[in-house]
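The structure under discussion appears below in the form of structure tokens.
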2 protein chains.
Amino acid sequence: MDKNKMKHLPHKTIERLSQYRRALLLCHAQGQTHIFSHEIAKIQHITAVQVRRDIMLIGYTGTLRKGYNIEELIALIGRILDTDEGIKACVVGIGNLGRAFINYFKGKRTKLSIVAAFDNNPNKVVKNFCNTETFHIDELERIVKQKGISIGIITVSPEAAPEVTEKLVKAGIKGILNYTPKPVNVPAHVYLEEYDMITSLEKVAFFVKTHSE
Amino acid sequence: MDKNKMKHLPHKTIERLSQYRRALLLCHAQGQTHIFSHEIAKIQHITAVQVRRDIMLIGYTGTLRKGYNIEELIALIGRILDTDEGIKACVVGIGNLGRAFINYFKGKRTKLSIVAAFDNNPNKVVKNFCNTETFHIDELERIVKQKGISIGIITVSPEAAPEVTEKLVKAGIKGILNYTPKPVNVPAHVYLEEYDMITSLEKVAFFVKTHSE
DNA sequence: TTCACAATGTTAATTTATTAACAATTTCTT
DNA sequence: AAGAAATTGTTAATAAATTAACATTGTGAA
Ligand SMILES: NC(=O)c1ccc[n+]([C@@H]2O[C@H](COP(=O)([O-])OP(=O)(O)OC[C@H]3O[C@@H](n4cnc5c(N)ncnc54)[C@H](O)[C@@H]3O)[C@@H](O)[C@H]2O)c1
Ligand SMILES: NC(=O)c1ccc[n+]([C@@H]2O[C@H](COP(=O)([O-])OP(=O)(O)OC[C@H]3O[C@@H](n4cnc5c(N)ncnc54)[C@H](O)[C@@H]3O)[C@@H](O)[C@H]2O)c1
């Protein structure tokens with residue numbers, strides 16, 4: 001797929017491609033070779049049109065009577081989302097959430113890997129938690145540069161978030177995923193994504209409330 | 001605020017209201033009484049216009065030279081997002097993520113509370129983890145009805161997600177927040193929100209990749 | 001063969017979300 | 001007191017995302 005077109009894929013399409021791939025990998029593992037747009041749509045709770053549109057945007061085309069070739073589609077999505085060399089991420093804050101994340105990631109995608117975890121509490125820095133090397137936070141800059149880590153996942157206590165962000169940016173990280181409820185500031189060249197469970201929960205609560213009235 | 005208008009607030013506005021409140025509570029705790037739209041915007045990394053628009057939509061109006069009254073705004077957002085009686089939620093799956101969630105929620109919003117947690121592993125069902133009562137999954141329906149729980153948060157192993165969803169729906173839950181990577185199906189009257197960290201991470205990776213080329 | 005069917009691919013229309021523009025208003029300064 | 005500055009509230013414009021519409025095309029049945 002053309003590099004320039006790739007750059008202009010809608011944000012939402014990128015998110016869905018990630019989800020399509022997950023679903024496709026599952027189907028593939030079960031021996032399925034082809035899939036229709038409406039089947040993908042069903043799994044993801046969206047419309048078949050949207051699936052077809054996304055697939056059109058990445059320039060793939062299926063066959064009329066068999067749908068999309070699962071292997072080919074997985075490979076194409078890989079060429080869009082992954083890089084040949086692989087992208088390396090690290091977790092900062094080895095608490096409940098940080099551990100859940102590392103644990104969850106273990107044995108998932110190979111092109112995107114969590115290669116290090118940091119904490120300022122020496123007790124949390126036990127070598128090789130779930131195959132991920134752990135370090136004291138003071139080593140962050142050195143390790144990030146040494147290993148070529150480009151993404152930081154922040155799971156420290158909220159108060160520590162700004163300070164940790166600064167360290168990550170200084171170390172040369174290119175993207176940050178912040179799971180603390182404290183919004184952080186990054187320079188323009190760093191991509192930032194924030195998520196808070198309470199917002200999601202309050203959203204669900206709102207719709208539960210308004211739908212039941 | 002008018003009930004009917006409330007029902008038609010944009011989804012994104014609802015999400016932001018939750019975030020505004022969090023920021024406002026923090027400012028309030030520090031003794032601040034008023035705030036300008038651009039101050040809120042700065043915290044949330046959005047534009048001041050958007051903040052003013054959201055606030056306009058909920059029918060609040062600030063004063064010209066002092067901005068918005070923090071207490072009043074918090075109260076109004078509360079009237080929109082909360083219910084008088086409070087909304088009760090439960091966590092299903094007391095693993096790493098479930099515990100992180102319960103722990104995180106402890107001592108947060110009073111109108112929205114996690115009042116129970118379930119698991120099928122008897123070892124995980126230790127009474128009163130972080131002030132939250134824990135039960136065996138078989139008790140789900142009984143407890144949900146007894147306590148009037150309306151939201152279920154799913155943090156079980158992916159394979160168990162569909163089965164747990166069914167149980168929640170059967171028990172009469174009105175909203176589900178699914179954190180497993182396995183999309184689940186719910187009837188139309190149940191509001192569903194799904195989130196997966198890998199999608200977020202892959203999105204960050206994509207933008208890191210495309211921005212650096 | 002021919003027709004109906006069930007898919008895809010794509011353009012057009014619609015809806016939702018964001019941003020721009022600007023009038024109105026209050027306060028401060030001179 | 002007059003004017004400048006800063007901020008709100010709101011309408012209009014733009015952009016992003018979704019959905020509808022439909023032409024196109026293999027496939028299998030009549
Ligand atoms: N976004 C969400 O959905 C969500 C859900 C649960 C928790 N959280 C948030 O995620 C964060 C982690 O939650 P948790 O339950 O794992 O908390 P936790 O207390 O178990 O873990 C926090 C870890 O960060 C470490 N830490 C603190 N300050 C540090 C610093 N300056 N440098 C390096 N490490 C430091 C601590 O030693 C600890 O190991 C919290 O901010 C919490 O509010 C977010
Ligand atoms: N969405 C995310 O961002 C994210 C992040 C990390 C983990 N996860 C997912 O969240 C889930 C939980 O992750 P974790 O690290 O806490 O896993 P975990 O294995 O630590 O916890 C899973 C828990 O679910 C319980 N369980 C399993 N089957 C059950 C059933 N049928 N009924 C009741 N309880 C059952 C287990 O006993 C265990 O306590 C997994 O699906 C994981 O993939 C999601």
Side-chain angles (χ1 to χ4, degrees), chain A residues 1-2 5-20 24 27 32-70 72-73 76 192-194 199 203 206-207 210, chain B residues 1-2 5-20 24 27 32-70 72-73 76 192-194 199 203 206-207 210:
Chain A
M1 182 194 185
D2 174 22
K5 285 235 179 83
M6 197 187 290
K7 210 170 244 172
H8 296 106
L9 287 171
H11 283 217
K12 292 279 185 173
T13 295
I14 296 300
E15 287 177 18
R16 283 190 298 263
L17 287 177
S18 165
Q19 290 162 2
Y20 297 161
L24 291 170
C27 297
Q32 199 177 337
T33 64
H34 290 78
I35 195 167
F36 293 122
S37 60
H38 63 259
E39 292 178 297
I40 299 178
K42 184 88 183 294
I43 299 173
Q44 301 297 144
H45 315 115
I46 55 179
T47 65
V49 186
Q50 185 145 80
V51 173
R52 291 206 300 276
R53 199 165 214 305
D54 286 334
I55 291 178
M56 182 192 84
L57 286 174
I58 63 175
Y60 184 70
T61 112
T63 62
L64 201 39
R65 209 58 180 195
K66 292 198 286 181
Y68 304 99
N69 179 305
I70 292 181
E72 284 176 14
L73 194 46
L76 178 55
L192 174 68
E193 179 99 3
E194 307 198 303
T199 295
K203 191 178 170 194
F206 174 81
F207 287 106
T210 50
Chain B
M1 183 193 182
D2 174 20
K5 285 236 179 82
M6 197 187 290
K7 209 171 248 176
H8 296 106
L9 287 171
H11 283 218
K12 291 280 185 172
T13 294
I14 296 300
E15 287 178 17
R16 283 190 297 263
L17 287 177
S18 165
Q19 289 162 2
Y20 297 161
L24 291 170
C27 296
Q32 197 178 339
T33 63
H34 290 78
I35 195 167
F36 293 122
S37 60
H38 64 260
E39 293 178 298
I40 300 179
K42 184 85 183 294
I43 299 172
Q44 302 297 144
H45 314 116
I46 54 177
T47 66
V49 186
Q50 185 145 78
V51 173
R52 292 206 300 276
R53 198 163 214 304
D54 286 333
I55 291 177
M56 182 192 82
L57 286 174
I58 64 175
Y60 184 69
T61 111
T63 61
L64 202 39
R65 209 56 181 196
K66 291 200 285 182
Y68 304 98
N69 179 307
I70 292 180
E72 285 177 13
L73 193 46
L76 176 56
L192 174 68
E193 179 100 2
E194 307 197 303
T199 295
K203 191 177 168 195
F206 174 81
F207 286 105
T210 50

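Atoms considered below: every heavy atom in the structure, side chains included; atoms not considered: hydrogens, waters and symmetry mates.
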In this structure, how many angstroms lie between the [atom2] atom of [N] and the [atom1] atom of [X], rounded?
X: A:M56; N: C:dT11; atom1: CE; atom2: C1'; result: 9 Å
X: A:I58; N: C:dT8; atom1: CD1; atom2: P; result: 14 Å
X: A:N69; N: C:dT8; atom1: CG; atom2: C1'; result: 15 Å
X: B:I55; N: D:dT7; atom1: CD1; atom2: P; result: 14 Å

In numerical order, the residues of residues 35-45 of chain A whose heavy atoms come under 4.0 Å of DNA chain D are none
Residues from residues 5-16 of chain B sitting under 4.0 Å of DNA chain D, heavy atoms only?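 Correct list: empty, so none.
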With sequence neighbours excluded, residues passing side-chain contact (heavy atoms from CB on, under 4.5 Å) with [X]:
X: B:T47; result: B:V49, B:Q50
X: B:E39; result: B:Q32, B:I35, B:F36
X: A:K42; result: none

Task: Contact nearer the 5' end of DNA chain D, comparing B:K66 with A:D54 - done: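 That would be B:K66.
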Only counting residues at least two apart or in another chain, list the ones meeting side chain to side chain donor-acceptor pair (under 3.5 Å) with A:S18.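 So A:S18 forms a side chain to side chain donor-acceptor pair (under 3.5 Å) with B:T199, B:E202.
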The side chain to side chain donor-acceptor pair (under 3.5 Å) partners of B:H38 (sequence neighbours excluded) come to none
Is there side-chain contact between B:I58 and B:L73, with at least one heavy-atom pair below 4.5 Å?
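Heavy-atom side-chain distance check passes, below 4.5 Å.
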Contact list (N/O, under 3.5 angstrom) for nucleotides 19-26 of chain D vs protein:
{"residue": "D:dT19", "atom": "O4", "partner": "A:R53", "partner atom": "NE", "Å": "3.1"}
{"residue": "D:dG26", "atom": "N2", "partner": "A:R65", "partner atom": "NH1", "Å": "2.6"}

Minimum heavy-atom separation for [X] and [Y], please, with both atom names.
X: A:L192; Y: B:H45; value: CD2-CE1, 3.8 Å
X: A:A48; Y: A:A41; value: N-CB, 3.5 Å
X: A:Y60; Y: A:N69; value: OH-CB, 3.3 Å

Rounded to the nearest 0.5 Å, the CZ atom of A:R16 sits from the CD1 atom of A:I55 at a distance of 11.0 Å
Table please: side-chain donor-acceptor pairs of residues 6-15 of chain A below 3.5 Å, with sequence neighbours left out.
{"residue": "A:H8", "atom": "ND1", "partner": "A:N4", "partner atom": "O", "Å": "3.0"}
{"residue": "A:T13", "atom": "OG1", "partner": "A:D54", "partner atom": "OD1", "Å": "2.9"}
{"residue": "A:E15", "atom": "OE2", "partner": "B:K203", "partner atom": "NZ", "Å": "2.7"}

Closer than 4.0 Å, any side-chain N/O of B:T61 to the OP1 or OP2 of D:dG9?
->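 Yes, because at least one side-chain N or O of B:T61 sits under 4.0 Å from OP1 or OP2 of D:dG9.
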